[in-house]
Each structure stands twice: as structure tokens, then as C-alpha cells.
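Just follow the structure's listing: the first ligand is 1, and inside any ligand the first atom is 1.
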Amino acid sequence: MKILIVGSGGREHAIAVSAAGSPRVDKIYCAPGNAGIGQVAECVPITAMEFDALAAFAKEHEVDFTIIGMDDPLAGGIVDVFEAEGLKVFGPRKNAAVLEGSKAFSKDLMKKYKIPTAAYETFDDPNKALTYLETAKMPIVLKADGLALGKGVLICNTLEEAKAGVKEIMEDKKFGEAGSRMVVEEFMTGREVSVLSFVDGKTIKIMSSAQDHKRAQDGDQGLNTGGMGTFSPSPFYTDEIDAFCKKYIYQPTVDAMAAEGRPYVGVIFFGLMLTEDGPKVLEYNARFGDPEAQVVLPRMKNDMIDVMEACVDGRLDEIDLQFEENAAVCVVLASEGYPVSYEKGFPITGLDAFDSRDDYYCFHAGTACKDGQIVTNGGRVLGVTAKGSDLKEARKKAYEAVEWVKFDNKYMRHDIGKAIEDVEP
Ligand code: AMP
Ligand code: GLY
């Protein structure tokens with residue numbers, strides 16, 4: 001089989017490594033890919049938003065199956081373009097990817113179908129939002145409606161902060177057109193869990209849970225980032241919580257999308273908050289998480305291509321989804337200064353250390369190849385993942401492995417997975 005993967009981050013590298021592990025796969029293309037993905041796939045210089053060029057490439061090279069990794073092309077309707085050309089493609093159509101693409105849509109869906117989430121109001125007019133905030137309880141959460149690289153969320157502790165937030169999102173358009181509409185949401189407290197799932201339109205199968213660390217600095221300080229590290233499974237995601245979510249969140253979401261005439265095929269990522277009143281949905285994403293994929297996929301026992309194909313063919317009920325009885329931790333190696341400003345182009349050494357070692361993975365996020373040398377090329381540079389018999393061992397191994405890799409301005413958090421000590425002292 002010939003596979004095409006669309007995207008260029010650590011998530012797409014993890015998808016490429018899983019695809020390479022399938023005995024059914026003979027050839028992998030990745031558009032546009034990165035230096036690490038280039039070791040398992042042929043990188044194609046077409047960007048993720050060039051839908052027609054991508055579909056033409058898939059036809060010309062007789063690609064059997066395309067996997068869309070990123071949110072922007074999904075929200076833009078890449079799946080519809082591929083389907084119209086008769087190409088087999090994994091991911092939601094445009095009318096279903098809106099589950100991530102519009103926070104107002106997803107909040108209204110949850111309200112209509114009684115799926116637990118934070119109370120909210122939606123505003124198109126900044127003045128109405130300001131009036132509402134005058135009497136609202138603080139802290140409060142402001143969210144730009146559209147896609148904003150995971151950064152369109154402001155948590156405001158005071159009315160002054162909230163007013164400044166409305167200006168930033170709706171008037172200054174800090175997150176672009178994503179901020180023409182805004183959701184104002186009740187602030188929730190609790191532990192966050194990421195649950196990824198495969199969906200075929202009617203059936204949903206849950207992957208092993210994970211937890212991300214979104215803030216830039218240790219102790220959850222600093223700015224929100226795309227994600228600084230993950231662990232899987234989450235010891236806080238108990239069987240009881242799983243049973244609750246299956247009944248009140250996961251299947252109801254899939255059924256709601258079908259009932260709305262937007263059957264969902266692909267991955268749904270449930271961002272959950274485990275509150276005192278039970279689990280509630282923080283957000284939906286229409287794709288694998290990054291860096292959640294880097295700890296979940298290496299633990300999956302099934303052939304990933306079999307599972308994805310079953311989703312597209314509407315026979316996911318035939319699949320027995322299984323994960324290894326172990327744990328994984330991923331530590332992101334970033335460029336000092338991320339997520340604000342950082343330098344690129346520094347040579348990376350020590351990557352060979354991963355070649356001969358099972359249980360260790362070095363997923364490339366922002367890397368490039370320059371004159372035969374792999375160099376830094378982004379804020380998040382690499383995701384170093386290790387598997388262990390339990391979270392403690394995986395964490396120890398991941399923090400050993402981050403020392404093998406060297407580049408100027410290397411930055412990481414030192415407390416990825418530290419929360420597990422709360423349950424496993
Ligand atoms: P989102 O992009 O919606 O996942 O929001 C990014 C981050 O903001 C989440 O991972 C949470 O840490 C935080 N957040 C979002 N919504 C809320 C909320 N209603 N209450 C508390 N924190 C939130
Ligand atoms: N790690 C969070 C995300 O992928 O949105």
C-alpha cells in the first residue's frame with residue numbers, strides 16, 4: 001500500500017512511524033514533512049493547504065490511503081476535495097471538522113444534546129460581551145471562536161483583564177478572524193485529561209488516555225504553548241470516569257453529529273476537565289493531539305492502518321482496539337524563547353543514539369535538513385518519548401534520553417509527568 005500523510009509536526013512523525021510499522025505499507029509520502037519524517041517517508045514539497053496539488057499528487061503516485069494530521073486542512077475541507085476525486089482519506093469532512101473549527105458550534109452542540117461542559121454565552125458584538133462581563137463571576141474564560149493554533153483562549157482573573165481580553169480578541173483581532181465571534185465560558189477547576197478516539201460515523205473506540213502540559217514553564221507557569229510534554233495513560237482517568245464518559249460524552253457526541261447530518265469519521269480528541277461535579281468537555285479537536293499522539297500511538301497494539309481503514313469503511317465495530325499494558329512519557333525539546341520568539345538553524349547532534357534502542361523515540365517537530373546536517377527549525381523542535389513498565393520508569397527513561405540530544409538554546413520542562421507522584425508516591 002502507498003500512504004500519504006499531510007502535516008509536518010511531531011504528531012505526523014508519530015503517525016509515520018506507526019504507518020511504517022504496518023506490514024501492509026510499502027511506501028510512505030509526507031507533505032510537507034520534516035527532517036525526521038524524511039527518515040521513514042519521502043517528503044513532498046507541497047504544503048498542507050494546497051488541497052488540489054495534494055489530491056493531484058495522490059492520484060499521480062497512486063496513493064491508496066491519505067491521513068490528514070493537522071487541523072487547518074481538515075477545517076478547510078481537504079477531505080471533501082480528496083473524496084470528490086475518488087481518493088480514500090482518513091479524517092472528518094468539512095461539515096464535521098467544525099467540531100474543532102468553531103467553539104460556538106461545539107458549545108451549542110453540547111448544550112442541545114446535554115453533553116456535560118462549562119456554561120457559556122456566545123457574542124458577535126464586543127459591546128454586548130462587555131455588558132455581560134460586568135456582572136459575570138470571575139475568573140472567566142474567553143475563547144476566540146475559530147482555530148488559533150491552540151492559543152485563542154484567555155483565562156481572566158479580574159473584570160479589567162476580561163475587558164482587555166475582549167479588546168484583544170474581538171477588536172485588535174490578535175487571533176485574526178478566529179476572533180470575530182467569541183465564547184465566554186465559566187471557569188472550571190480540576191485535572192485535565194486528553195482522550196483520543198477513532199470514529200467511523202456511528203461507532204467510537206477510545207484510545208488509552210493521556211495528559212498534556214500546556215504551559216511553557218515548570219509548575220504550569222508561563223504562557224500557553226502547543227504542548228510541552230505528555231504522559232499516557234493518565235492514572236487519574238479511572239474506570240469509573242471512563243464508564244461515565246462513554247455513556248454521557250463519547251457516544252452522545254458521535255450520535256449528535258450523525259443526528260445533525262454531519263457524520264464524523266476520523267479521530268475525535270476529547271479535552272476533558274475532571275471537575276468535582278464529574279468530567280466535563282473543555283474542547284473537542286478533530287485530529288490526534290500533539291504531543292499526545294507521541295505517547296499514545298507507540299503504545300497501540302493494532303495495525304494503525306487497519307483501524308483507520310475500518311473507520312473510513314464504517315466497520316470500526318469489527319476492530320478490537322488494544323494498547324500495551326505499559327506507559328510512555330514524551331518530553332518536548334523546544335527552542336529557548338518559545339512560544340514568543342526564538343532563533344532557528346542550530347545543528348542538532350546525538351540523534352543516532354535512538355537508532356538502536358527499542359522503547360525510545362525521537363519525534364521531529366521543528367527540524368530541517370541543511371547541507372546534510374539536521375538543524376532546529378521551529379519552537380518545538382523534538383519530542384523525546386520513552387516507554388517503561390510504568391509511568392515512573394517511562395519518566396526516568398525519557399529524562400535520560402533528552403540528554404543524548406544537543407543543540408544551542410535547547411529548552412525543556414523538567415516536571416513532565418511529575419503529577420503521577422501524587423498517585424504513585
Ligand atoms: P482549549 O484550547 O479550549 O483546550 O483551552 C486551552 C486551555 O485553557 C485548556 O487546556 C485549559 O487548561 C484552559 N481552559 C479552557 N477552558 C477552560 C475553562 N472553562 N475553565 C478552565 N480552564 C479552561
Ligand atoms: N496537545 C493539545 C493539542 O494537540 O491540541
Backbone or side-chain N or O of Glu283 under 3.5 Å from ligand 2 N or O: no
Could you tell me, atom by atom, which parts of ligand 1 come under 4.0 Å of a heavy atom of Ile155? 13 (C), 22 (N)
Could you list which atoms of ligand 2 come closer than 4.0 Å to a heavy atom of Arg287? 3 (C), 4 (O), 5 (O)
Side-chain contact, heavy-atom cut-off 4.5 Å: Val199 with Tyr250? no
I'd like to check whether Arg11 has a polar contact with ligand 2, where a contact means an N/O of the residue lying under 3.5 Å from an N/O of the ligand. no
Looking only at non-hydrogen atoms, which of Glu192, Lys143, Glu185, Met188 approaches atom 9 (C) of ligand 1 most closely? Glu192
With heavy-atom distances below 4.0 Å as the criterion, list the atoms of ligand 2 near Asn285. 5 (O)
Side chains of Thr230 and Asp212: donor-acceptor distance under 3.5 Å anywhere? no
Using a 4.0 Å heavy-atom cut-off, say whether Thr230 meets ligand 2 through its side chain, its backbone, both or neither. neither
Compute the minimum heavy-atom distance from Gly227 to ligand 2 and say whether it is under 4.0 Å. no
Determine, using heavy atoms of Ser194 and all atoms of ligand 2, whether some pair is separated by less than 4.0 Å. no
Verify whether one side chain among Asp108 and Tyr120 offers a donor that lies under 3.5 Å from an acceptor in the other. yes
List every atom of ligand 2 that sits less than 4.0 Å from any heavy atom of Glu292, numbering the atoms from 1 in the order shown and giving each element. 1 (N), 2 (C), 4 (O)
Those atoms of ligand 1 less than 4.0 Å from some heavy atom in Leu282: 3 (O), 14 (N), 15 (C), 16 (N), 17 (C), 18 (C), 23 (C)
Ligand 1-proximal atoms of Asp212, by part, heavy-atom distance under 4.0 Å: neither
Any side-chain donor-acceptor pair under 3.5 Å between Ser335 and Lys344? no
I'd like to check which ligand 2 atoms, numbered from 1 as shown, lie under 4.0 Å from a non-hydrogen atom of Asp212. 1 (N), 2 (C)
Could you pull out all residues at least two apart from Phe187 that satisfy ring-ring contact (aromatic ring centres under 6.0 Å, His included)? none
Can you name the atoms of ligand 1, numbered from 1 with element, that are less than 4.0 Å from a heavy atom of Phe187? 20 (N), 21 (C)
Polar contacts were defined as any N/O atom of the residue lying under 3.5 Å from an N/O atom of the ligand; does this apply to Lys214 and ligand 2? no
If you count the atoms of ligand 1 from 1 in the order shown, which ones are under 4.0 Å from a heavy atom of Met273? 21 (C), 22 (N)
For residues 216-239, which residue pairs pass the ring pair (Phe, Tyr, Trp, His ring centres under 6.0 Å) check, not counting sequence neighbours? His213-Phe231
Any sub-3.5 Å donor-acceptor pair from Asn302's side-chain atoms to Gln322's backbone N or O? yes
